[in-house]
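Notes follow once the structure below has been shown.
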Amino acid sequence: MTSNETLNRVERACTRLHHDGQPVTFTAVAAITGLGRTTLYRNPTLRAVIDEHRHRTTASGTLTGITDEIATLRTAVDAIADRVRRHEEQLRRLTTRTN
């Protein structure tokens, strides 16, 4: 589960790298945020954010760039869907306990 604070740190790091004209890489984001590269790679939400920024800066407007962006967005949507399913399950368990 990704906290909003962690997600915001990663977003800010990507934006800062882009603004400074630096490539958005997992290594650079890890250095700025203090998070491990493994954490960034393994967390689907964080990975999707970084991938989105990477593809936005390198291949925006090309067919390959659009295809990559769609793949990144699918990953992000899947991560959100998993989170929603977990929350729905928690709500079902809580509702069952209270009844």
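Along the sequence shown, the residues carry numbers beginning at 1. This structure is a prediction, so every number in the text was calculated from the model and none was measured.
The shortest heavy-atom contact between Gly36 and Ala30 is C-CB, 4.3 Å. Scanning all heavy atoms of the two residues, the minimum distance from Ala28 to Pro23 falls at CB-O, 4.2 Å.
Counting non-hydrogen atoms of other residues, nucleotides and ligands closer than 6.0 Å to CD of Glu5 gives a total of 12 or fewer. The environment of CZ in Arg42 is sparse: at most 12 heavy-atom neighbours from other residues, nucleotides or ligands sit within 6.0 Å.
Atom NE2 of residue His87 and atom CG of residue Leu94 lie 11.0 Å apart, to the nearest 0.5 angstrom. Of the inter-residue distances, the one linking Arg83 atom CZ with Asp78 atom CG reads 14.5 Å to the nearest 0.5 angstrom. One distance of note links OG1 of Thr33 with CZ of Arg16; it measures 10.5 Å at 0.5 Å rounding. Taking CG of Leu91 as the start and CD of Glu88 as the end, the distance is 7.5 Å to the nearest 0.5 Å.
Of the options Val49, Leu35, Leu46, Val10, a side-chain contact (heavy atoms from CB on, under 4.5 Å) to Val29 is made by Val10 and by none of the others.
At least one side-chain heavy atom of Arg9 sits under 4.5 Å from a side-chain heavy atom of Arg12. Within the 4.5 Å cutoff, no side-chain heavy atoms of Phe26 are placed close to those of Thr38. Two residues are said to be in side-chain contact when any heavy atoms from C-beta on lie closer than 4.5 Å; Leu17 and His53 fail this criterion. Put simply, the side chain of Thr75 does not reach to within 4.5 Å of the side chain of Arg47, judged on heavy atoms.
Remark: the backbone N or O of Thr45 is paired with a side-chain donor or acceptor of Asn43 at under 3.5 angstrom.
Side-chain heavy atoms closer than 4.5 Å link hydrophobic residues (I, L, V, M, F, W, Y) into clusters, and following such links, even through other members, never connects Ile80 to Ile70. In the hydrophobic cluster analysis, where Ile, Leu, Val, Met, Phe, Trp and Tyr join through side-chain heavy atoms closer than 4.5 angstrom, Val24 is grouped apart from Leu73. When hydrophobic clusters are built by joining Ile, Leu, Val, Met, Phe, Trp and Tyr residues whose side-chain heavy atoms come closer than 4.5 Å, directly or via intermediates, Ile32 is grouped together with Tyr41.
For the side-chain hydrogen bond (donor to acceptor under 3.5 Å, both in side chains) test, residues two or more places apart in sequence or in another chain that qualify with Arg85 are Asp82.
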